[in-house]
Amino acid sequence: MRACFVVHGAAWSGTARAFADAATLLAARGYETCLVAPSGSETERMLLGAGHDVVGVHTAGGWLRAGWRLRAVVARRLSEVLFVHDDAEHLAAAAAIRFAGRGAVVRRTPPGERLTIGRDGRLAMRLAATGFVFTDADDLRGMAPPRGALAAHIAPPGVTPLASTAAAIGAIQGARVRRLAVFAGAGRARDAFVALRALALLAPRLPDLRATVFAPADDLDATRLEAAALGVSSRIDWRPATGERGDVLAEAALAWVIASADDAVYAMLDALAHGVPVIAERSPLTARILEDGISGVLRHRGDESEWASVVAATLARGDALEALRRGATHAAARFPLEAGVEGWLQVTEAARDRTRWSA
């Protein structure tokens, strides 16, 4: 069985990580997997660094060119299933399958998002048999599979727990400094600015508070300029969204997640796995991962003064903060990486049914 995961985004993202995790899970069960990413991109580098079989492709040109390039991968790797996320990837993959005369497409919808099939997606479904995979039963219930589609399945995201004993985790927690880990997501620059203004309000009240901001490359310069204008640059360490998180989370008192979809989910899961409580805007997505007052703090959208009060109040309650840390560690156990394996196996097996390959 051969499966290929298609990632068109050059910048590393939660959706790319979701496919990397899926490839890991399938490979561990004997499937031959590869990932397709733009040549020379951040995504390609991250996937290669993680030990995946990666095929770099050029992305210039329309969907026919993209499909023809991908056809070469399908033919060379004898791929039976191509995994995609959006309309553009869907159409390129469907064209590749039609050119190669073999295979099916599986389209994944990120957590908290609705499946939207546009013109390109509808054309793709006429070119190749298509299945669907979701991350949560609620997302699946909100979507009626298009007529003629293959089966839809659920593969929740997960995280590998720390390879530390409970005693070691307790020692890490006891040594926490007042550091706030801020995870900003693509398209959320305005919310990141609210967080920076909240840090500026906190500066006089919490002189020892520092922050590490993980920001997408496209937003990094803008957020730095905003921090400089607010006079809090000296309190902030900057890292790209692809930066190593473990060392920061090992000493963080709180994680503030300002992202959406996969970016938000993986930021929350990484924090919980390190025993770090999370503060975030309340939404159906964040409520799936966090229990307010147990593993984190959920609040409705507010301005900088309201968020500053949330951070200050959470850090000030020593016993309550320690309880949140324990709750975060326990919450991470509810989202093991292996939780998604059955869904990925089911949707892959359904898609490799050759009797359904004719579009």
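Residue numbers start at 1 and run along the sequence shown. Please read all numbers here as calculations on a predicted model, not as lab measurements.
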Please evaluate residues E306 and R301 with respect to the criterion salt bridge (charged side-chain N to carboxylate O under 4.0 Å, His left out), reporting the C-alpha separation (whole Å), side-chain torsions for both, the decisive distance (0.1 Å), and the verdict. CA-CA 9 Å; E306 292 170 306; R301 179 182 288 268; over 6 Å; no
Measure from NZ or CZ of R65 to the centre of the six-membered ring of W68 and say whether it is under 6.0 Å with the direction within 45° of the ring axis. no
Side-chain heavy atoms under 4.5 angstrom apart, residues restricted to Ile, Leu, Val, Met, Phe, Trp, Tyr: same cluster for [X] and [Y]?
X	Y	value
V194	L209	yes
V54	L70	no
L206	V310	yes
V55	V7	no
L249	I279	no

side-chain contact (heavy atoms from CB on, under 4.5 Å) evaluation trace for F19 with T43: CA-CA 11 Å; F19 273 177; T43 299; over 6 Å; no
Begin from the C-alpha positions of R107 and D87 and carry the test salt bridge (charged side-chain N to carboxylate O under 4.0 Å, His left out) through to its verdict. CA-CA 9 Å; R107 179 163 169 167; D87 271 359; 2.6 Å; yes
Backbone of [Y] reached by a side-chain donor or acceptor of [X] within 3.5 Å:
X	Y	result
E89	H8	yes
R98	A128	no
S295	G327	no
E44	A37	no

With side-chain contact (heavy atoms from CB on, under 4.5 Å) as the test, would you mind laying out the steps for C4 and V36 before giving the verdict? CA-CA 7 Å; C4 185; V36 173; 3.4 Å; yes
If you draw a 6.0 Å radius around [atom1] in [X], do more than 12 non-hydrogen atoms from other residues or ligands fall strictly inside?
X	atom1	value
D208	CG	yes
R334	CZ	yes
R282	CZ	yes

Might you work through the side-chain contact (heavy atoms from CB on, under 4.5 Å) test for F5 and L47, ending with a clear yes or no? CA-CA 11 Å; F5 297 82; L47 292 171; over 6 Å; no
Shortest non-hydrogen contact from S39 toward G56: OG-C, 3.0 Å
Closest heavy-atom pair and its distance - G9, P38: O-CD, 3.9 Å
Aromatic rings F183 and F214: how do their planes relate, parallel, tilted or perpendicular, breaks at 30° and 60°? parallel
Can you see whether T212 engages R239 through a side-chain donor-acceptor pair at a distance of less than 3.5 angstrom? no
Is the distance between the ring centroids of W344 and F83 less than 6.0 Å? yes
Rounded at 0.5 Å granularity, tell me how far CZ in R69 sits from CG in L64. 11.0 Å
